[in-house]
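Order of listing sets the numbers, starting from 1, for every ligand and every atom in it.
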Amino acid sequence: MTAQNRLSVLFSDIAPADQAALQQRLPTHWHAHFVQNERLVVSDVGDEDTEVLCVFVRTRVDESVLRLRPRVRLVATRSAGFDHIDLQACRRRGIAVCHVPDYGSASVAEHAFALLLGVARHLTQAHERARQGSFAYRGLTGFELEGKALGIVGLGRIGRHVARIALGFGMEVLAYDPALAPSLDITAAPIAGVRVVTWEQILQSSDVLSLHVPATQATHHLLDGQAFARMKPGMVLINTARGALIDEAALLHALEAGTVAAAGLDVLEQEGDLSPEVPTGCGGLGCDTGWSASSPLLTHPRVLVTPHVGFNTSEAIARILDETISNIAAWHAGRLRNRLDEP
Ligand SMILES: NC(=O)C1=CN([C@@H]2O[C@H](COP(=O)(O)OP(=O)(O)OC[C@H]3O[C@@H](n4cnc5c(N)ncnc54)[C@H](OP(=O)(O)O)[C@@H]3O)[C@@H](O)[C@H]2O)C=CC1
Ligand SMILES: O=C(O)C(=O)CO
């Protein structure tokens with residue numbers, strides 16, 4: 001291996017099983033270090049010579065992290081979302097940034113429907129009742145998806161997949177996206193039948209609202225008190241995008257007021273709070289992180305929360321690993337792909 005070819009890559013926040021799968025795929029001239037921890041600190045291996053930081057959504061990459069690793073030239077996130085990376089700080093230091101834009105749109109879209117159906121049919125309560133030996137059905141009356149209006153905020157890769165699934169359920173599909181003109185009726189396959197509407201219309205007309213926009217300064221608390229006040233009373237909110245899109249206090253208020261009948265959330269604004277303890281009782285599914293969240297939404301009877309698992313299918317993870325290696329290899333060969341610029 002020539003010194004010129006050698007590439008020092010520091011991988012953070014990677015589950016042991018994924019690390020093993022990744023190691024089998026790594027080119028031999030890469031010198032890889034792994035830190036299980038999400039937070040990159042000064043004592044982490046690879047500090048001195050790291051050229052590539054390969055992170056996931058729980059590793060914040062900001063000025064303080066970059067300062068510790070002056071040789072970093074590429075930040076490659078193994079995610080579609082990029083709100084954990086300070087793109088300005090990277091630009092200032094001449095560091096390229098890339099992501100994996102389309103590894104699992106189906107996985108996330110299907111999870112949005114897992115949450116929606118879970119909420120619509122009271123699945124967690126029904127499961128608990130059956131486990132206790134009770135087959136009483138009272139109090140578990142749900143609602144059908146067919147005929148309901150689903151509003152999609154952000155008609156990008158995941159939003160379009162959600163639209164296709166919703167059309168299959170016989171839902172009326174509305175979408176709001178600043179890139180698309182309102183009153184546009186999308187007639188082109190594969191999402192023919194989606195009606196593009198204004199922000200006001202999507203809030204007022206949606207029985208179910210599903211969020212699929214990135215977390216940026218422009219989308220921070222997109223759903224605030226004012227937005228909830230304009231929603232159809234009794235609507236259902238689904239969020240598989242990022243917690244920061246929702247003002248949590250305003251959502252709790254809307255749940256109490258009945259504007260929001262129920263919510264299905266895969267993401268919470270405070271999900272990044274690091275707990276020193278590894279959580280127990282993970283149902284034998286192999287907890288491998290010490291992350292914990294604290295929020296009144298977690299115990300609210302009309303809120304179904306999952307711990308940011310929308311991406312977490314074997315198919316999506318395999319694509320993430322392959323695409324990440326291709327991203328880093330392409331950059332090393334002088335052809336940056338899946339580049340991220342400041343929004
Ligand atoms: N729960 C999970 O495990 C996962 C969550 N995610 C989250 O999902 C998000 C969306 O992913 P994906 O669909 O692939 O991203 P895309 O970039 O393909 O789509 C996002 C869409 O939102 C649009 N948009 C931006 N701002 C607004 C706004 N204010 N209102 C309405 N639309 C807006 C964008 O328009 P334009 O292009 O014109 O800016 C784009 O069409 C990711 O950013 C990530 O945060 C992603 C993967 C897994
Ligand atoms: O890819 C992403 O943006 C994710 O949120 C994965 O967890």
Practice problem: Could you tell me whether Glu63 and Arg92 have a side-chain N and a carboxylate O separated by less than 4.0 Å? | Solution: yes

Q) Does an N or O anywhere in Arg242 fall below 3.5 Å from an N or O of ligand 2? A) yes

If the threshold is 4.0 Å, N to carboxylate O, is there a salt bridge linking Arg69 and Glu51? no

| message | Tell me whether ligand 1 is touched by Tyr103 - counting only heavy atoms on the residue side and a distance under 4.0 Å. | response | yes

* Looking only at distances, please establish whether an N/O atom of ligand 1 is found under 3.5 Å from an N/O atom of Asp266. => yes

query = Based purely on interatomic distance, does Ala179 place a nitrogen or oxygen under 3.5 Å from a nitrogen or oxygen of ligand 1?
reply = no

among protein heavy atoms, the one nearest atom 19 (O) of ligand 1 is Gly156 CA, 3.2 Å

Do the charged groups of Lys148 and Glu172 touch, with an N to O distance under 4.0 Å? no

A student checking ligand 2 against Gly81 at a 4.0 Å heavy-atom cut-off should list atoms 1 (O), 2 (C), 3 (O)

Closest to atom 2 (C) of ligand 2 by heavy-atom distance, out of Phe56, Tyr103, Phe311, is Tyr103

Check for me whether Ser105 has a heavy atom closer than 4.0 Å to any atom of ligand 1. no

Is the shortest side-chain N to carboxylate O distance from Glu144 to Arg121 below 4.0 Å?
no

>> Regarding Asp86 and Arg93, does a basic nitrogen lie under 4.0 Å from an acidic carboxylate oxygen?
In response: no

Ligand 2 to His308, heavy atom cutoff 4.0 Å, flagged ligand atoms 4 (C), 5 (O), 6 (C), 7 (O)

On a heavy-atom basis, the closest approach of Leu22 and Ile325 is CD1-CD1, 3.9 Å

